[in-house]
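The chain is numbered in sequence order, starting from 1. Numbering of ligands and ligand atoms starts at 1, following listing order.
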Amino acid sequence: MSPHSIPPAPAAYRTLDTNGIRSFLAGVPTLAARLGGPAARWRIREVSDGNLNNVFLIDGPAGGVCFKQSLPHVRVDPAWKMPLDRTFYEAAYLREIRPCVGALTTDVLHFDPDLFVLVVESLDRHVVLRRGLMEGGAWPDAARAVGAFVAHGTFRTSLLAAPFEEVTRRLDIFSGNRTLTRITVDLILTDPYRDHPRNHWISPDLDRIAAEIRTDPRVRRRVGAMQARFLTCRQALLHGDLHTGSVMVSADDTRIIDGEFACPGPIGFDCGLFIGNLLLHLFACRDADGQDRAVRDVAQFWTSFHDTFLELWHTATRQDGNGDAYAAALFRDDPSGLLKAQADFMQDVAEDTIAFAAMEIIRRIVGYAHVPDFDTIPDMAARAERQGTALALARDLLAAPGSTTSIAGLIDLARDRARRYP
Ligand code: SR1
Ligand code: MG
């Protein structure tokens, strides 16, 4: 981790155990009323699943809530110290994005700035999309919903939809999310391309491809360009960690959660992380139907994102209510010029998406935080072989960016390379 000092936790901060959570909730009248009944009857279950925070679900006679608290360290690595501000940014992100995306995310019910506690709606009817996919479930509407979420969230926080004063005010707040942006810069954009003790992989069979990724000068150039793109292209407010573990699904509902990595950035970063995780699932799939669903999900996500984003743009232009970039006045007498400009814009997003998807695949196999999708393959050699194939695809996408510039092309390539497995 780059050197920067960790501010001390505020004096009032303490990590709450189940008794502390019960007292805390009882002390917030709106939350106590939502749960109902006497606090002694509330059922409190720890469901911490991610790398960073403590998460509990609380059920009372009248309803439930989800309680999330920042720890002064990475949850899965107590030696890795960290400031507490991540739940502040998650609360701020939900408040910004909820009016843009409606019920595709959750409501903030409460935020406590001393304890860094965030309380949101409980989604106890839902399962984590990644787990659902690993268990072979079909969630036919999930990818489309995530595409709509990204389109609404990014369009409405971009200069296409609002004047620069409003957009920069919002983005400036999230530029302060330096703690978690540093994690992204290190773990996604840097570590896999250098020797680093945080890097690891499951088998020496992957040594060669990991070294090729670190040493290929074409990969280095492309990764350098994507580092700059992530850090300088403030296109919109991003979710920032949009993997399949950040999506909760039920039979008829999809919610995007865990916006603690929210930051300004290029729209293709959110798209790339989601597609990268679907492709990781594709390479881990042990049956042809599952592979077909993974491929379908990539296509549905992209179509939904692309078409919704353009629809929002067309509507804004028609109503003269768009922002300071591609201003409606500029194209009033030139509709075909606007169509061309829109196609160029979406092409840039697609190319960013492909590169960030490749970088997500790489970091999830040879970086610090792996995905569990491959754990369903008991034979370690077989697991490593699939991971090697996914890594080779990602390496090729970065080394020769001109060879695959559309999401349809990416899907064809991934499907071809994964076809040999189920
Ligand atoms: C130390 S945090 C590691 C990873 O977990 C989070 O979910 C993000 O994906 C981050 O990169
Ligand atoms: Mg998370």
Checklist entry - Is R14 atom CZ crowded by more than 12 heavy atoms from other residues, nucleotides or ligands, each under 6.0 Å away? => result no

Item to check | Residue list, side-chain hydrogen bond (donor to acceptor under 3.5 Å, both in side chains) with R156, at least two apart or on another chain | outcome: H152

Checklist entry - Is E166 salt-bridged to R170, going by a charged N under 4.0 Å from an acidic O? => result yes

Checklist outcome for this item: heavy-atom search around atom 5 (O) of ligand 1 in the protein gives N51 ND2, 2.7 Å

Next on the checklist: As a quick check of understanding, evaluate ring pair (Phe, Tyr, Trp, His ring centres under 6.0 Å) for W80 and Y368, giving each step before the final call.
Outcome noted: CA-CA 12 Å; W80 186 343; Y368 173 81; 5.1 Å; yes

Next on the checklist: Regarding ligand 1, does W80 bring an N or O atom to under 3.5 Å of one of the ligand's N or O atoms?
Outcome noted: no

Item to check | Under-4.0 Å salt bridge between R130 and D49 | outcome: no

Item to check | Location of contacts on R364 toward ligand 1, heavy atoms closer than 4.0 Å | outcome: side chain

Checklist entry - Which of the atoms of ligand 1 are close to F261, meaning less than 4.0 Å from one of its heavy atoms? => result 6 (C), 8 (C), 10 (C)

Checklist entry - Which atoms of ligand 1 have any heavy atom of L187 under 4.0 Å away? => result 3 (C), 11 (O)

Item to check | Under the side-chain hydrogen bond (donor to acceptor under 3.5 Å, both in side chains) test, residues paired with R43 that sit two or more places apart | outcome: D59

Checklist entry - How far is atom 7 (O) of ligand 1 from its nearest protein heavy atom, and which residue and atom name does that atom have? => result D241 OD2, 2.8 Å

Item to check | For H243, atoms of ligand 1 separated by under 4.0 Å from a heavy atom | outcome: 7 (O)

Item to check | Ligand-residue contact atoms, ligand 1 with R363, heavy atoms, under 4.0 Å | outcome: 9 (O), 10 (C), 11 (O)

